[in-house]
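Everything below concerns the one structure shown next.
Values below: every heavy atom of this structure, side chains too, minus hydrogens, waters and symmetry copies.
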Amino acid sequence: MKRLLRYMIMILLATWALNSCEEKYVTYSDAEYVMFADTLAAYAVEKDVEYITVPVVSTVIRDYDRTFGVEVIDKESNAIETVHYRLESNTVTIKAGENRADLRVKGLYDNIEDGDSLVVCLQLVMNEALEMPLYGSRTRMELVKVCPYDINDFTGWCMFTSMFLYQYSTTQSYQRLIYTEPHPAMENTIICHDWMADGYDVTMTFHPEDPLDRTVTMVEDQVMSDEGSFFGTVYGDNQLLVKSSPLEKSYFYNCGRYLFLWCEVYVKDLGDLYGTVGNFYNIMEWVSDEEADRLRREEGL
């Protein structure tokens, strides 16, 4: 990637100079290479997004169109063409005066199962002299199904599994059946009632902007319990506080209605940090009313 970065800097310098010279098309490097912008990248397959764009770049600008073939390397792919995806074309053309073109790939959303791990290996078909040494002419596309975001998917009954409860619960239970609902005044935020302990509610905010990086966060200094309920004594202000862990990001998944949450639990005394209990991994999975009834009846949750 460092080598590619150097070539891309050359492209930017060439483009800048191109705009300041009388000659209409200028090439500033004798080393012409054509490649996929990434050798490995994940792409979101979304219901309402028609095409994925896969960039193809050149280290030089030419004053004529350049067309290259694109082929699928089946032995390095597990996604099936026409089943999981479809290439709009088996060629890609970098137009005159440009150094980039987008290969368009259609992900077949309805044919991809939740949690599938699908890879497509593509190769540019071109003169070997255009292949950058060590970088190559291939890319591996990971197709990730991303379901439409709806905050209501994360409301209702939820099975909460916590490593904090595993370590500190006095009942030896590390799971709770909790109830969540949308926050009336905060967008993309839910209220988790009786989260770690009865009588203590916390909030979580969802960040759906990037389909491949859908995170969830907790604001600081939320009271999740009194100290005595878990420790049998008081060390600070008799409040166990919680916030997002600074060590790991937390993610939510629409397709399965669940999230993985890393949180930090700590104690303050007169407003100052007394000590950190630790960073704990949690899983929250939303279930139907019928499943919640069964869990209460059969599991005693």
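Checked against side chain to side chain contact (heavy atoms under 4.5 Å, CB included), Ala101 has the following partners two or more places apart in sequence or in another chain: Val92, Ile94.
In this model, Cys158 has its SG atom no nearer than 2.5 Å to the SG atom of Cys192.
Cation-pi check for Lys243 over Tyr266 is met; the charged atom lies under 6.0 angstrom from the ring centroid and within 45 degrees of its normal.
Shown are Leu122, Asn90, Thr91; of these, the side chain to side chain contact (heavy atoms under 4.5 Å, CB included) with Leu103 is made only by Leu122.
Ring centroid separation for the pair Trp262 and Phe280 does not come in under the 6.0 Å cut-off. Remark: aromatic rings of Phe252 and Phe206 are close, center separation under 6.0 Å. The aromatic ring centres of Trp286 and Tyr258 sit 6.0 Å or more apart. Ring centroid separation for the pair Phe164 and Phe230 comes in under the 6.0 Å cut-off.
With respect to Glu76 and Arg138, a salt bridge is recorded, a charged nitrogen being found less than 4.0 Å from a carboxylate O. A salt bridge is defined here as a Lys NZ or Arg NE, NH1 or NH2 lying under 4.0 Å from an Asp or Glu carboxylate O, and Lys47 with Asp110 meets this definition.
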key: Check against salt bridge (charged side-chain N to carboxylate O under 4.0 Å, His left out), Glu32 and Arg66   = CA-CA 12 Å; Glu32 179 181 4; Arg66 289 169 286 171; 2.8 Å; yes
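With hydrogens and angles ignored, the 3.5 Å screen pairs no side-chain donor or acceptor of Asn188 with any backbone N or O of Thr205.
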